[in-house]
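Working notes, beginning with the structure itself.
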Amino acid sequence: MSVSTAAPPSARSVAWARRRASFGRVWKEFRRNRAGVAGLVILGFFVLVALLAPLLADKSGLDVTQATGLPMHPPYPGYPLGTDKQGRSIVTLLIWGSRISLIVGFAAALMAMVIGTLVGISSGHFTGWAGGLLSRFTEWFLVIPFLPLAIVLASVLGHSFWILIFVIGITSWASTARLIRAQTLSIEARPYLERAKALGAGHWRQMNRYVLPNVMPLVFANTTLTVAGAILTETTLSFLGLGDPFHVSWGSMLENAFDEGAISAGAWWYLFPPGIAIVLVVLAFTLVGRALETVLNPRLRER
Amino acid sequence: MALLEMRDVHVSYRTRAGLVPAVRGVDLTVEAGEILGVAGESGCGKSTLAATALRLSPSNATVTGEVLLEGRDVLTMKWGDLRTVRWAHASIVFQGALHSLNPVRTIGQQIAEPIVLHEKVSDKAAAKRVDELLEQVGLPARRARSYPHQISGGQKQRVMIAMALACRPRLIIADEPTTALDVMVQAQVLDLISSLVKDMGVGMLMISHDLSVLGATCDRLAVMYAGRVVEEGPAKQLFAAPQHPYSGALSAAFPTIGDRASRLAPRGLPGDPPDPAQLPDGCTFHPRCPVAVPSCATGAEPQLRRLSPERAAACVLLEGSPS
Amino acid sequence: MTAVQADPPALEVHDLAVTFRNRSGPEAHAVDGVELAVGQGEILALVGESGCGKTSLARALLGLVQPSRGKVVHLGQPLGYSSKALRTYRRRVQLVLQDPSGALNPRHTIYEAVAEGLRIHKVRGDERELVARALSRAGLRPPERFFLSYPHELSGGQRQRVVIAGALALEPSVLVADEPVSSLDASVRGEILALLLHLRDELGLTVLVVTHDLGLAWNIADRIAVMYLGRVVEVGPTEEVLADPQHPYTKALLSVVPEIRHVEPVVLAGEPPDPTRVPSGCRFHPRCPALADGTAERAGVADQCRTATLPVLPIADGHHAACLLTTPPPPPA
């Protein structure tokens, strides 16, 4: 190759170009998985709704004192999904509730992923008592039934938005950690890690530059599934009355419906919308997560 | 009649990148009681050739030519006939035998499987035959009750050979039978193979990248490069005095201990074995050939020419030379 | 040491033992008492079959595995196992692995793979320049062409050169190569071996090659050490050991090399034994042809073969074998 007059592309810019190309390949492969694409579309829809909430429904509609609809009424003009006991439009509640459900889901899953990856990689990398200790710690968290733990924590720590995220994160990280640990163990056995040690790399470098990049695809796919679980957990906790009383979420909508006697009143417009929304979102995340796994895994193997 | 005769066999794979030629016109003959060795490196097509002999090529492979097993063309046989032929007339010892055994079934069950499928005998008779086979390959009969993880690599390879012998085939194809084995175990397995061929009169097609092993064990040898045979002849002669420059290079990669010429003088070829999807023009070997002349890159691909009644090579520099 | 040596050996081990213990199982004595020295600028081949301990010995020499007994000495300095001592050591003694496709992180470019060592040790100087030089020395020219490639885009031979370049970038004095060519195509091996020889001649690099291939030893090694079940059973200049092997195991190994003429073929029965069950007496005696065919009996040493533990071969010049049938080894200097 002759020497060109222009400056050669830097290693970093080419690395980014390759990452884009690799992303393009993953996307192309993902597109072939129809279930995954369907999930992505549904997800996109809900995220859009959550983002555009102020445009779609007036926030004042959440205020009980400003409710103008007829109490507990099935759908009628102006109120496409009917009203709750206070006369608030279900549609408004649904749109604004999506924000909380999705944010709590994402944030809690992020927290679980960060803790899970840290603990997973460390317990896989460090042999001896340190790794063993971390392993036992993970297993302990796995064994504790998470719902009772979540209930206890929420009751003790209080009912707020942030506490909710914390509680869900704390009870979900263990399964991620377990998965990451298994993957770390298999990477640790590979020759290029031995070469890194022979070159003189310390623990931090080994974990950061060798294990983590090769574990990331798995983490990614797993996180999507964790979000689904987190949203369900939020719903459950809110339904049990442990959620944030100041913010509407789909779970709290179900709680209110229950409390306000919607079931005996046959108020399907109150119960079904949040329920269906939850199911759709969780389904969407699950489809996307599974599709990602199948797309990313063969690459993991061939590398 | 020859046990196995391959005539002008071409095998190409249909891939996303187009048609990739793996085998480009190979003629081979194996007689009963004889071992024919096929030597070559990655990408030369030798494993593809082995699979073709029993019509075991993958679904995206296009095979043309004739593969005659005792006169009958395997490639055009009816499915029923093919199933009879497979294993009972010809069997294969695959590459990577160490990983080919089912970990959840005993050795005895796995060896008995082809027997039960082909000969429809009772379990007791099959078990008796399994014991006979284990003895033939030098394993104690009690191994029939062991699981694959309980036996060593060398023993696994013997089990694979026992399986190949199960239905008393007349031809055995061994694809890299001793790669990944320790030298001593390799010697044991090669001894076993030689004695089986001699005692039972089977014919064998042995494929390997190790020219020295083939030179010592086989009767005749064919060297493949980029999907074609570039030299063939009696094994010991070919190994001692290779005519084609590639055979020479391959032979030099396994130096003779005691030979001053190779002491502190490793010899290898520049570059790498060619990618079948991107073969060079002219003689496919010319980019790496130590004695190439300009016409090698532009002319037609050299054909296999007889140099003597027993030797043949495909190199323009050898044409016109006395035997 | 025997005679007064001007230069200390590049690497020595004294009474080295490496023991592995499975959680519940018995101990595996992978290396069970080895005395060895590699001179500066020398190429030593460590030869043996699986289970003989050559890989564990190599790992111990690199400091990747801590010996359960004995010590590793580099240029007269014993190796410490603190992370600081190991880090300094790593700049002097480097590793080339068997499988080049596994040895390179698939997510790093070639540039990053070679620069890795430089970055870990914070070597001063123009990184680009140093990487280019290492790649050139390893035979990949022009080096810039390979900077931005990924391992899966290169061939096996090229990948092995990258691994060698990565080791060379730190300018070590010793290279430990574990089966450096066994997973490469046959026609490509010669070039890599020639590269190792060339590096020894040009840079004065000491090379320890671990291999099962006697032909490789013939090709490039000055001296050869044959291992069996954790001990060195024969050591000496390559030509002497391969022309006139003294130990029955070496004789057997040599005899099964195809096309070998000067030794009678001896195919040993059985498999290489298990390091968790080391036989009493001479570790080779259960498979020894000399014991089986009566030679040992006639020499009057048969009983000793079965019961007496042989002393470890000491570090000494010349050709020596740990066998009661040969003349006893010289006393350690």
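Computed from a predicted structure; not experimentally measured. Every chain is numbered from 1, with letters handed out A, B, ... down the list of sequences.
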Which one, B/A249, B/S262, B/A187, leads in non-hydrogen pairs under 4.5 Å with chain C? B/S262
Return the minimal non-hydrogen interatomic distance between C/V188 and B/E41, and the atom names on each side. N-OE2, 4.3 Å
Side chain proximity check, B/V183 to C/H212, heavy atoms < 4.5 angstrom: yes
For C/G190 and B/P266, which heavy atoms make the closest approach, and how far apart are they? O-CB, 3.8 Å
Select, from C/L184, C/V181, C/D213, C/V256, the one with the greatest count of heavy-atom pairs under 4.5 Å involving chain B. C/V256
For B/P255 and C/G215, work out which heavy atoms get closest and say how close. CG-O, 3.5 Å
Does the side chain of B/L264 come within less than 4.5 Å of C/L197's, by heavy atoms? yes
Is there a side-chain contact between C/R287 and B/M184 in this structure, where contact means two heavy atoms from C-beta onward sitting under 4.5 Å apart? yes
Compare every heavy atom of C/S187 with every heavy atom of B/R288, then report the nearest pair and how far apart it is. NH2-OG, 2.8 Å
CG of B/D281: more than 12 outside heavy atoms within 6.0 angstrom? no
Distance in Å, C/L268 CG paired with B/D182 CG, rounded so as to fall on 0.5 Å steps: 11.5 Å
Would you find more than 12 non-hydrogen atoms of other residues, nucleotides or ligands less than 6.0 Å from B/R267 atom CZ? no
In terms of heavy-atom pairs under 4.5 Å with chain C, which of B/A253, B/G138, B/G154, B/S42 leads? B/S42
Rounded to the nearest 0.5 Å, the CG atom of C/L254 sits from the CD1 atom of B/I257 at a distance of 5.5 Å
For B/Q188 and C/V267 the tightest heavy-atom approach is CG-CG1, 3.5 Å
Is any side-chain heavy atom of B/R260 closer than 4.5 Å to one of C/E239? yes
Is it the backbone or the side chain of C/A221 that comes under 4.5 Å from a heavy atom of chain B, or both, or neither? backbone
Considering non-hydrogen atoms only, spot the tightest contact between B/D272 and C/S155 and give its length. OD2-OG, 2.8 Å
Say whether, by atom type as modelled, one donor and one acceptor occur between the side chain of B/R263 and the main chain of C/W218 under 3.5 angstrom. yes
